[in-house]
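Below is one structure, written out as structure tokens; the observations come after it.
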Amino acid sequence: MRIVPLLLGAALLVTGCAQKSGGRTRTAASPNPVPTSAARETTVRGTSTISGVIAPYENVAITSSLSEPADKVNVLQGDYVHAGQVLAVLDTADLVAELAQAKGVLDTDTKTAESDDAKVTQSRYTATLNIGTGNDEVKSSRAALAQAKQALVNDQRNLVRDRQLVAEGYIAQQAVDQQVTTVISDEAAIRTAQANLQTAITNQAVNGTPDRGLQEATVASAIADAAAARAGIEQARGQIQQDEVQIQKATVVSPVDGVITNRNLNPGEYPGSRTIFTIQELDKVYADLNASSEDTFAIPAGAGVSLSVSGAGAQQFSGKVVAVLGQVTPGSTNFTVQVVLQNPGRKLQAGLPVSATISLPPVHGVGIPTTAFLDDTHTSVMIAEDQLVDVVAKTVAVKELGTDGTTSIVSGLKPGQAVIANGQLGLADGQSIAQM
């Protein structure tokens, strides 16, 4: 017996008896109608639920580089502190003494530097004077030598004249003898002038110029002394600055607002290299959520998050995704989605387990009931295909692009196709069906 189904829109009504249409007949359909849904353009806004733990927004471990004992410790474990609040004060007696000594050295070195700077100025003036005097002595000695030579020439001429006059009987021999003595004296004067010139030239060479020689060396020595004094000043200043910084470090302050979760220092104890305070900033916190590689693609930074804590009743906490971090362990497929949220009353403590529902970006496309998938892979559905003489179930491969848990957006289907709404009916591919 064959029947003819009557199609109305997306629903197919199948009768239980044989009907004819255009001379064709169809085989009787299943007596149990199969629910179908037309694929349609729609938008879904899905969520992802993953778990994790609360972590402090900042976890600050405070140590001290000083080897001074504690004078005072002002906080207890569990205290809430503010940024800049004094947590402890270390003994600074030896540092204060070092600072006073360094200031004394600075005062002494400053006075020495001032004296040495004055000596530099004096040595420069002296060098200029000595170089000028030496040059003048050379000029004067050259002039004296020239004058002595000229005197000798004149007196030698006079001696020749006097000898001629003696021979002619005009003057006495005594006058000639006196002139001879004068010439001899002139010759001695020339030798003295030559010696003086040589001495002046030697002194001029030794004095040198402002760029070389004795006077330059004298100035350079004075400059070196002044530079050494200034270096002493800088060293003293550096020591003062270091001592002041050390004294400042002796007052241990909190760098953040937070809760003292560890106090490891008592009055009289030396800080050593250990952590003396641990402070957790909890006015806002992180939720570090355990994510899969699939989550890293689906969850964007900035997505809204709703968190719940076991034991907190119906109370919800809101935040947003700030980062999707890399592998927790190298080589693993575990990732971390980091959420930041405000923590009024600091109810969320580090280590609390949380469950987070993350709002995913909207996905637009062809939508079908999520119940239509044939298995958990969400890669295939069945459609009701009209083959004129019959309506049969046909398997179609799809890809899920997004879901809100009720409707899924898929590729592989066209709008208007009749999708079997329940993929768990166990229908065989090609099986005749009756639609609801």
Do Ser141 side-chain atoms and Glu137 backbone N/O form a donor-acceptor pair below 3.5 Å? yes

Contact between Leu289 and Val339 at the side-chain level, heavy atoms closer than 4.5 Å - yes or no? yes

Within the side chain of Ser123, is there an N or O that forms a donor-acceptor pair under 3.5 Å with the backbone of Val120? yes

Between Thr370 and Ser408, do the side chains contain an N or O donor and an N or O acceptor separated by less than 3.5 Å? yes

Is it true that, when you exclude Gln235 itself, more than 12 heavy atoms of the residues, nucleotides or ligands shown sit nearer than 6.0 Å to its CD? no

Taking the side chain from Asp79 and the backbone from Ile260, do they hold a donor-acceptor pair closer than 3.5 Å? no

Is Asp117 salt-bridged to Arg230, cutoff N-O under 4.0 Å? yes

Are any side-chain N or O atoms of Thr296 and backbone N or O atoms of Ser293, one a donor and one an acceptor, separated by less than 3.5 Å? yes

Taking the side chain as every heavy atom from C-beta outward, state whether Pro369 and Asn422 have any pair of such atoms under 4.5 Å apart. no

Donor-acceptor side-chain pairing of Glu244 and Gln246 below 3.5 angstrom: no

For the pair Lys111 and Asp107, find out whether any cationic side-chain nitrogen is under 4.0 Å from an anionic carboxylate oxygen. yes

How long is the span from the OG1 atom in Thr133 to the CG atom in Asn203, to the nearest 0.5 Å? 10.5 Å

Would you say the side chain of Arg45 lies within less than 4.5 Å of the side chain of Leu360, judging by non-hydrogen atoms? no

What is the distance from atom NZ of Lys394 to atom CD1 of Ile433, rounded to the nearest 0.5 Å? 13.0 Å

Give, for atom CG of Asn290 and atom CD1 of Ile50, the distance between the pair rounded to the nearest 0.5 Å. 7.5 Å

Rounded to the nearest 0.5 Å, what's the gap from NZ on Lys72 to OG1 on Thr251? Could you check? 8.5 Å

Work out which heavy atom in Leu282 is nearest to a heavy atom in Val259; give both atom names and the distance. CD1-CG2, 4.2 Å

Side chain to side chain contact (heavy atoms under 4.5 Å, CB included) evaluation trace for His364 with Glu41: CA-CA 7 Å; His364 183 80; Glu41 290 278 349; 3.1 Å; yes

Distance-only, no hydrogens or angles: does the Thr336 side chain make a donor-acceptor pair with backbone N or O of Asp288 under 3.5 Å? no

Got a sec: does the OH of Tyr80 have more than 12 other heavy atoms crowding it under 6.0 Å? yes

Assess whether a salt bridge exists between Arg274 and Glu269, defined as any Lys/Arg side-chain N lying under 4.0 Å from an Asp/Glu carboxylate O. yes

Closest heavy-atom pair and its distance - Val354, Val309: CG1-CG2, 3.6 Å

CZ (Arg40) with more than 12 external heavy atoms under 6.0 Å: no

Sub-4.5 Å side-chain heavy-atom contact between Phe373 and Thr379: no

Closest heavy-atom contact between Ile62 and Pro255? CD1-CD, 3.8 Å

Tell me, with the steps shown, if Thr121 and Arg124 meet side chain to side chain contact (heavy atoms under 4.5 Å, CB included). CA-CA 5 Å; Thr121 301; Arg124 282 176 173 154; 5.6 Å; no

Test your reading of the model: is there a side-chain donor-acceptor pair from Gln431 to the backbone of Ala428, 3.5 Å cut-off? yes

Which atoms form the tightest heavy-atom contact between Ala39 and Ile368, and what is the distance? CB-CG2, 4.0 Å

Can you tell if the side chain of Ser380 reaches within under 4.5 Å of the side chain of Val396, non-hydrogen atoms only? no

Output, in order, the C-alpha distance, side-chain angles, deciding distance and verdict of side chain to side chain contact (heavy atoms under 4.5 Å, CB included) for Lys347 and Gln315. CA-CA 11 Å; Lys347 294 179 180 179; Gln315 186 173 4; 3.7 Å; yes

Walk me through whether Ser254 and Gln85 qualify under side-chain hydrogen bond (donor to acceptor under 3.5 Å, both in side chains). CA-CA 5 Å; Ser254 174; Gln85 182 173 334; over 6 Å; no

Ignoring hydrogens and angles, tell me if any N or O in the side chain of Asp429 forms a donor-acceptor pair with the backbone of Thr395 under 3.5 Å. yes

Quick test of your reading of the model: are Arg237 and Glu234 salt-bridged, counting only N-O distances below 4.0 Å? yes

To the closest 0.5 Å, what do you measure between CD1 (Ile54) and CD (Gln280)? 11.5 Å

Could you verify whether a donor N or O on one side chain and an acceptor N or O on the other, from Ser292 and Asp295, lie under 3.5 Å apart? yes

Would you call Asp283 and Arg346 a salt bridge, using N to O less than 4.0 angstrom? yes

Could you tell me whether the side chain of Ile247 reaches within less than 4.5 Å of the side chain of Val96, counting heavy atoms only? yes

Check the pair Ile383, Leu413 against side chain to side chain contact (heavy atoms under 4.5 Å, CB included), reporting the backbone distance first and the verdict last. CA-CA 9 Å; Ile383 63 172; Leu413 292 177; 3.9 Å; yes

Check whether Ser51 reaches the backbone of Ser355 with its side chain - one donor and one acceptor, N or O, closer than 3.5 Å. no

Candidate pair Ser432 and Asp390, rule side-chain hydrogen bond (donor to acceptor under 3.5 Å, both in side chains), full reasoning: CA-CA 7 Å; Ser432 296; Asp390 212 349; 2.3 Å; yes

State whether the side chain of Gln417 and the backbone N or O of Lys414 hold a donor-acceptor pair below 3.5 Å, judged by distance alone. yes

Is there a side-chain contact between Pro210 and Ile131 (heavy atoms, below 4.5 Å)? yes

For Glu385 and Val392, indicate whether the former's side chain and the latter's backbone hold a donor-acceptor pair under 3.5 Å. no

For Asn130 and Asn207, which heavy atoms make the closest approach, and how far apart are they? O-ND2, 3.3 Å

Shortest non-hydrogen pair, Ala229 vs Asp116, comes out as CB-OD2, 3.7 Å

Drop me the distance from Leu197's CG to Ile190's CD1, to the nearest 0.5 angstrom. 13.0 Å

Test item: side-chain donor near acceptor, Thr377 and Asp375, under 3.5 Å: yes

Tell me, do Asp257 and Val81 make a side-chain contact under 4.5 Å, heavy atoms counted? no

